[in-house]
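Residue numbers begin at 1 in each chain, while the letters A, B, ... track the order of the sequences. Side chains are part of it too, since the values below use all heavy atoms of this structure and drop only hydrogens, waters and symmetry mates. The shown structure was predicted, so the numbers you read here are calculated from the model rather than taken from an experiment.
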Protein chains: 2
Amino acid sequence: MTTTEQMRHDLITTLEDRGFRLTKPRRDVATAIETQADAFTAEDLCESLPAVGRATVYRTIKLLVDTGALCKLAMPDGAPKYSLARVGHHHHTVCVRCGKVSDFRDTTVERMLRSLAKEIDGQIVGHRMEVYVDCSDCVP
Amino acid sequence: MTTTEQMRHDLITTLEDRGFRLTKPRRDVATAIETQADAFTAEDLCESLPAVGRATVYRTIKLLVDTGALCKLAMPDGAPKYSLARVGHHHHTVCVRCGKVSDFRDTTVERMLRSLAKEIDGQIVGHRMEVYVDCSDCVP
DNA sequence: CAGTATTATGATACGGATTATCAGTAACAA
DNA sequence: TTGTTACTGATAATCCGTATCATAATACTG
Ligand SMILES: [Zn+2]
Ligand SMILES: [Zn+2]
Ligand SMILES: [Zn+2]
Ligand SMILES: [Zn+2]
């Protein structure tokens with residue numbers, strides 16, 4: 001089985017494991033996501049899936065984000081992008097010029113959060129971090 | 001001069017220093033921001049400034065964010081909030097239940113970014129980090 | 001297999017949030 | 001003061017996402 005097929009399999013089985021029905025539109029969305037070379041917007045998926053209703057695309061994305069199979073990235077402006085959560089928890093760099101997204105992992109962030117937990121009021125339930133860059137394609 | 005007057009002064013002079021005209025609507029927006037006890041949305045300002053056009057409120061907020069006088073915070077859902085950048089660079093905790101925003105500073109993040117700069121493709125031009133919490137009012 | 005209950009779909013309308021338009025107005029330099 | 005230019009604000013338009021709801025697909029039961 002190829003890596004790509006494995007990823008689709010993971011997306012589909014993630015939904016199946018949660019008790020959701022494996023419908024054709026959901027399979028189509030999973031396949032479309034696997035063929036995205038880079039991070040994508042909901043609208044990107046809608047365009048590549050004219051046969052699937054917009055509402056279903058948005059609903060399926062939300063399911064996959066909730067199950068952790070997709071990362072939702074806040075962009076400086078405009079619609080969020082999504083990327084496959086291939087390597088578990090990680091963060092992203094986003095080129096502010098061309099929009100290219102890359103992953104990175106850094107345990108320093110998580111260590112910082114653990115020390116922060118002792119200082120602040122309340123319980124940490126999540127975090128988000130994006131690093132904005134000029135990528136080497138855009139600013140050589 | 002009170003601290004509050006100083007903050008408004010800073011907002012206004014920030015715009016003046018950039019060569020923007022000091023108009024009454026802009027002064028009104030600056031004054032409204034200074035009277036916000038907590039982080040606020042663009043709509044909060046519009047409501048407290050019925051005499052100022054919506055577009056002008058949004059335009060002034062954008063100017064102040066661009067100059068660094070205001071922080072723009074991505075919320076898990078809904079419209080972004082803004083807060084005065086009183087203490088220089090900092091990050092935020094956001095209660096996912098009541099929306100209360102608090103500031104924190106942590107040099108660990110910045111240290112991580114410096115080491116990250118060596119690993120990644122391109123130049124870091126900015127970053128954003130929000131820590132989501134259940135605050136002690138909401139989950140005692 | 002039916003037959004039935006449940007869930008999912010998708011066309012469409014709707015909503016909130018932000019931006020574009022553009023004629024009129026106000027700031028400010030000369 | 002006067003002319004240039006930036007700014008304003010009513011409104012329309014846009015963008016992004018969600019609610020509705022009749023229809024269809026799926027799973028369950030006998
Ligand atoms: Zn780039
Ligand atoms: Zn993290
Ligand atoms: Zn709270
Ligand atoms: Zn920082």
Side-chain angles (χ1 to χ4, degrees), chain A residues 11-33 36 39-67 69-83 94 99 128, chain B residues 11-33 36 39-67 70-83 94 99:
Chain A
L11 290 181
I12 286 293
T13 54
T14 296
L15 295 180
E16 188 173 32
D17 290 349
R18 308 282 172 128
F20 296 111
R21 291 181 180 173
L22 302 189
T23 66
K24 179 161 190 313
R26 283 177 180 157
R27 289 173 194 280
D28 291 347
V29 171
T31 301
I33 289 173
Q36 297 288 326
F40 55 91
T41 64
E43 215 51 40
D44 292 336
L45 281 192
C46 289
E47 281 169 27
S48 65
L49 291 168
V52 178
R54 295 167 52 73
T56 297
V57 171
Y58 278 91
R59 285 186 287 233
T60 305
I61 288 173
K62 183 167 289 185
L63 287 179
L64 291 170
V65 170
D66 289 346
T67 61
L70 281 186
C71 300
K72 180 178 182 177
L73 296 90
M75 306 303 287
D77 289 294
K81 289 191 177 184
Y82 301 89
S83 72
V94 181
R128 105 173 305 144
Chain B
L11 290 181
I12 285 295
T13 54
T14 295
L15 294 180
E16 188 172 33
D17 291 349
R18 308 284 172 124
F20 297 111
R21 292 181 179 176
L22 301 190
T23 66
K24 178 159 190 316
R26 282 178 181 160
R27 292 172 193 280
D28 290 347
V29 171
T31 300
I33 289 173
Q36 296 289 325
F40 55 89
T41 64
E43 213 52 39
D44 291 337
L45 281 192
C46 289
E47 282 170 25
S48 66
L49 291 168
V52 178
R54 216 175 202 49
T56 297
V57 170
Y58 278 92
R59 283 187 288 235
T60 305
I61 288 173
K62 185 167 288 183
L63 287 179
L64 290 170
V65 170
D66 289 347
T67 61
L70 281 186
C71 300
K72 180 178 182 178
L73 295 91
M75 305 302 287
D77 289 295
K81 289 190 178 184
Y82 301 90
S83 72
V94 181

Participant: Run the numbers on F20(A) and T60(A) for side chain to side chain contact (heavy atoms under 4.5 Å, CB included), then give the verdict.
Facilitator: CA-CA 10 Å; F20(A) 296 111; T60(A) 305; over 6 Å; no
Participant: Using heavy atoms to find the nearest nucleotide of DNA chain D for P25(B) and R54(A) separately, return the residue whose nucleotide is more 5′.
Facilitator: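 So the residue in question is P25(B).
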Participant: Measure from CD on E16(A) to C1' on dT7(C) and round the result to the nearest Å.
Facilitator: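 One finds 15 Å between C1' of dT7(C) and CD of E16(A), rounded.
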Participant: Could you pull out the closest heavy-atom pair between R26(A) and I12(A), with the gap in Å?
Facilitator: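 Scanning both residues completely, I find the closest heavy atoms to be O-CD1, 4.2 Å.
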Participant: Would you kindly give the NZ-to-P distance between K62(A) and dA8(C), to the nearest whole Å?
Facilitator: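 In whole Å, dA8(C) P and K62(A) NZ are 14 Å from each other.
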Participant: Return the residues of residues 43-53 of chain A meeting this criterion: a heavy atom under 4.0 Å from some atom of DNA chain C. Order them by number, or give none.
Facilitator: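 Per residue number, the list reads A51(A), V52(A), G53(A).
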Participant: Looking at K24(A) and D28(A), does any basic side-chain N land under 4.0 Å from a carboxylate oxygen?
Facilitator: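 Counted as a salt bridge, because a side-chain N and a carboxylate O are separated by less than 4.0 Å.
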Participant: Tell me the closest heavy-atom pair linking L11(A) and A30(A), and the distance in Å.
Facilitator: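 Looks like CD1-O, 3.9 Å.
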Participant: Please name all residues satisfying salt bridge (Lys or Arg N to Asp or Glu O under 4.0 Å) with D77(B), sequence neighbours left out, ordered by chain then number.
Facilitator: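 So D77(B) forms no salt bridge (Lys or Arg N to Asp or Glu O under 4.0 Å) with any residue.
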Participant: Q36(A) and S48(A): which non-hydrogen atoms are nearest, and at how many Å?
Facilitator: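 Q36(A) and S48(A) have their closest heavy atoms at NE2-OG, 4.0 Å.
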Participant: If the cut-off is 4.0 Å, is Y58(A) near the phosphate of dG17(D), judged by side-chain N/O to OP1 or OP2?
Facilitator: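 Checking dG17(D) against Y58(A), a side-chain N or O does come within under 4.0 Å of OP1 or OP2.
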Participant: Which pair of heavy atoms, one from L63(B) and one from L15(B), lies closest together, and at what distance?
Facilitator: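 That would be CB-CD2, 3.9 Å.
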Participant: What is the separation between atom CZ on R27(B) and atom P on dT8(D), rounded to the nearest whole Å?
Facilitator: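 So the two atoms are 11 Å apart, to the nearest Å.
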Participant: What integer distance in Å separates K81(A):NZ from dC16(D):P?
Facilitator: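 To the nearest whole Å, that distance equals 12 Å.
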Participant: Less than 3.5 Å apart, which donor and acceptor atoms pair up between the side chains of residues 50-58 of chain B and the rest of the protein, not counting sequence neighbours?
Facilitator:
residue: R54(B); atom: NH2; partner: E43(B); partner atom: OE2; Å: 2.4
residue: T56(B); atom: OG1; partner: R59(B); partner atom: NH2; Å: 3.4
residue: Y58(B); atom: OH; partner: E43(B); partner atom: OE1; Å: 3.4

Participant: Measure the OH-NZ distance between Y82(B) and K62(B) for me, rounded to the nearest 0.5 Å.
Facilitator: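 Y82(B) OH to K62(B) NZ: 8.0 Å, rounded to 0.5 Å.
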Participant: Distance check needed: dT18(C) P versus M75(B) CE, whole Å only.
Facilitator: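 The distance from CE of M75(B) to P of dT18(C) comes to 12 Å, rounded to the nearest Å.
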Participant: Among residues at least two apart in sequence or on other chains, which ones pass salt bridge (Lys or Arg N to Asp or Glu O under 4.0 Å) with D44(A)?
Facilitator: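 Listed in chain order: nothing, the list is empty.
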Participant: In whole angstrom, what separates D77(A)'s CG from dA20(C)'s P?
Facilitator: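 Nearest whole value for this atom pair: 11 Å.
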Participant: Toward the 5' end of DNA chain C, which comes first, L63(A) or G78(B), by nearest nucleotide?
Facilitator: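 Nearer the 5' end of the strand: L63(A).
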Participant: Give me the atom names and distance for the closest heavy-atom approach of M75(A) to P80(A).
Facilitator: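 Smallest interatomic distance, heavy atoms only, reads CG-CA, 4.3 Å.
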Participant: Using the C1' atoms of the five pairs at each end, what is the angle between the end axes of the helix from dG16(C)-dC15(D) to dA30(C)-dT1(D), to 10°?
Facilitator: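 The angle, to the nearest 10 degrees, is 30°.
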Participant: Taking protein heavy atoms under 4.0 Å as touching, what does nucleotides 19-30 of chain D look like 5' to 3' if B marks base contact, S marks sugar-phosphate-only contact and - marks none?
Facilitator: ------BBS---
Participant: For the pair made of CZ in F40(B) and C1' in dA17(C), what is the distance, rounded to whole Å?
Facilitator: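 Result: 16 Å.
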